Protein chains: 2
Amino acid sequence: MTDSTDGARLAPLDPDMFHPFCPSSEMPFRVGDKWTGMVIRCLEGGPRRFTELRAPLRSVTPKVLSETLRAMERDGLLTRTAYDENPPRVEYALTPLGRTLIPLLDAARAWSETHLPHLLAARRAHERNAA
Amino acid sequence: MTDSTDGARLAPLDPDMFHPFCPSSEMPFRVGDKWTGMVIRCLEGGPRRFTELRAPLRSVTPKVLSETLRAMERDGLLTRTAYDENPPRVEYALTPLGRTLIPLLDAARAWSETHLPHLLAARRAHERNAA
DNA sequence: AGCGCCGATACCGTTGAAGTAACCGGGCAT
DNA sequence: ATGCCCGGTTACTTCAACGGTATCGGCGCT
């Protein structure tokens, strides 16, 4: 939530935005692959570079991130723009179609804030019962 | 919940409710396991029996359905009630927590109705480009 | 010459979800 | 007594996702 869309460069992504305490990995929802939802969150504020995306995504390996981005590009969720510069620069940006997923991510997050503790409590209770 | 344990049954589930033409399997969303969302849809109208659930779920194998139901029970999304009758009868019903997921499924379906053709078109266009 | 940066790709191993096939126990109809 | 039905379970296999490590190519820097 640190983004302010000023004219210059975007604020850097918070490397802890998917910190282990963030329950996003426990949510019973998935959008596409494991990382797709988090990539959308990272690109919500504007275009980002490959290496910029790696930091907050809990050190996702380049291979998996590359696969995820390619799948999303194939499905029209984001665009990939390579600038012929040095050092090389590649920017990923959400398409309008990709942005239509944001409300769903919001809904999933809202559900989790309200109900995920309930679900996890039920799970723990069940485990205690089994033992 | 107008359930009578011996009286009029609910209308049977449409065996084609997850027909191959139903794009639910193409949706880029998942709730829990592969089948969790469909189970919720099947139980939306009231409790159902094991064999009743098998029909519309495109012949999911008993093993996978059993695993799915057990995981959902563990997470407090549904209850399992076994009646000591003959023939044996087991009913699965959504809990209030399970019902909280229905609006999310609705949102996912609404997204798919609006945008999924767009996504699939982008995918096909990309494949044509690759070829 | 050697090193590092960026954006990957190749190769390989692990994991876990999902599917297949066979079977079970009790009751009941044939 | 045989087989069927219900609601599963068990054992085995398959498959895609995910992850780890290593490496590449072009360029600039020292």
Side-chain angles (χ1 to χ4, degrees), chain A residues 9 12-13 18 20 24-39 42-43 47-75 78-93 130, chain B residues 5-6 9 12-13 18 20 24-26 28-39 42-43 47-75 78-93 123 130:
Chain A
R9 194 67 198 136
L13 291 171
F18 299 112
S24 59
S25 54
E26 304 273 7
M27 287 202 295
F29 310 101
R30 284 206 18 204
V31 178
D33 298 339
K34 177 176 179 180
W35 302 97
T36 302
M38 299 188 221
V39 168
C42 291
L43 295 178
R48 298 285 181 184
R49 304 176 57 170
F50 189 87
T51 334
E52 251 179 316
L53 291 171
R54 289 195 59 185
L57 296 175
R58 278 195 267 174
S59 313
V60 61
T61 61
K63 175 205 167 207
V64 175
L65 180 55
S66 178
E67 286 169 355
T68 302
L69 292 170
R70 211 178 316 281
M72 293 176 71
E73 188 193 6
R74 168 175 57 84
D75 287 349
L78 53 77
T79 57
R80 177 185 184 279
T81 312
Y83 298 92
D84 199 4
E85 302 174 352
N86 188 278
R89 185 163 63 96
V90 180
E91 277 191 346
Y92 296 91
Chain B
T5 48
D6 56 353
R9 280 300 293 165
L13 291 171
F18 297 112
S24 60
S25 55
E26 304 274 7
F29 309 101
R30 284 201 22 202
V31 178
D33 300 339
K34 177 177 181 182
W35 302 98
T36 302
M38 299 188 219
V39 168
C42 290
L43 295 179
R48 298 286 183 183
R49 303 174 58 170
F50 189 87
T51 335
E52 253 180 316
L53 291 171
R54 288 194 61 182
L57 296 175
R58 278 194 267 176
S59 315
V60 61
T61 61
K63 174 205 165 208
V64 174
L65 180 56
S66 177
E67 285 170 356
T68 302
L69 292 170
R70 214 178 310 284
M72 293 176 71
E73 187 192 7
R74 168 176 58 84
D75 287 349
L78 54 77
T79 57
R80 178 185 184 277
T81 312
Y83 298 93
D84 197 3
E85 301 174 356
N86 183 279
R89 184 162 64 94
V90 180
E91 279 192 346
Y92 297 91
R123 188 180 295 181

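In what follows, chains are A, B, ... by sequence order, proteins preceding strands, each numbered from 1. Not measured: the values here are computed from a predicted model.
Distance OG/A/Ser25 to NZ/A/Lys34: 8.0 Å, rounded to 0.5 Å. Atom CG of A/Leu53 sits about 10.5 Å away from atom CD of A/Glu91, to the nearest 0.5 Å. Atoms CE and OH, on A/Met72 and A/Tyr92 in that order, are 11.0 Å from each other to the nearest 0.5 Å.
Spacing between atom CD of A/Glu52 and atom P of C/dC5 amounts to 17 Å, rounded to whole angstrom units. Rounded to an integer number of Å, the gap from CG of A/Leu69 to P of C/dC6 is 17 Å. As rounded to whole Å, 18 Å separates atom P of D/dC24 from atom CZ of A/Phe50. Here the P atom of nucleotide C/dA8 and the CD atom of A/Glu85 are 14 Å apart, to the nearest Å. Here C/dA10 presents its P atom at 16 Å from CG of A/Leu65, a figure rounded to the nearest Å. Rounding to whole angstrom units, CG of residue B/Leu53 and C1' of D/dG8 are separated by 13 Å. One atom, OH of B/Tyr83, and another, P of D/dC6, lie 18 Å apart when rounded to the nearest Å. Counting to the nearest Å, the C1' atom of C/dC6 and the CG atom of A/Asn86 are 9 Å from each other.
A/Leu78 is listed as a side-chain neighbour of A/Val39, based on a closest heavy-atom distance under 4.5 Å. By the 4.5 Å heavy-atom criterion applied to side chains, B/Cys42 and B/Phe18 are counted as neighbours. A/Glu67 has its side chain within reach of A/Lys63: a pair of non-hydrogen atoms, C-beta onward, lies under 4.5 Å apart. A 4.5 Å side-chain heavy-atom check between B/Leu65 and B/Trp35 finds every atom pair outside the cut-off. Contact check for B/Phe50 versus B/Leu69: side-chain heavy atoms found under the 4.5 Å cut-off.
Of the residues B/Arg49, B/Arg48, B/Arg54, the one that meets the side chain to side chain donor-acceptor pair (under 3.5 Å) test with B/Glu52 is B/Arg48.
Contact between the side-chain N/O atoms of A/Arg49 and the OP1/OP2 oxygens of C/dG7 is found at a separation under 4.0 Å. Listed pair A/Tyr92 / C/dA8 meets the phosphate criterion, a side-chain N or O lying under 4.0 Å from OP1 or OP2. Between C/dT9 and A/Ser66, a contact under 4.0 Å exists linking OP1 or OP2 to a side-chain N or O. Residue B/Arg80 has a polar side-chain atom (N or O) positioned under 4.0 Å from OP1 or OP2 of D/dG8.
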Dump every N/O contact between nucleotides 17-20 of chain C and the protein below 3.5 Å, one line per pair.
from	atom 1	to	atom 2	distance (Å)
C/dA18	OP1	B/Lys34	N	2.9
C/dA18	N7	B/Lys63	NZ	3.4
C/dG19	OP1	B/Lys34	NZ	3.1
C/dG19	OP2	B/Trp35	NE1	3.4
C/dG19	N7	B/Lys63	NZ	2.9
C/dG19	O6	B/Lys63	NZ	2.3

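Taking the C1' atoms of five terminal pairs at each end of the helix from C/dA1-D/dT30 to C/dT30-D/dA1, the two resulting helix axes are inclined by 30°, rounded to 10°.
Nucleic acid contact class of B/Arg70 (heavy atoms, under 4.0 Å, all strands): sugar-phosphate only.
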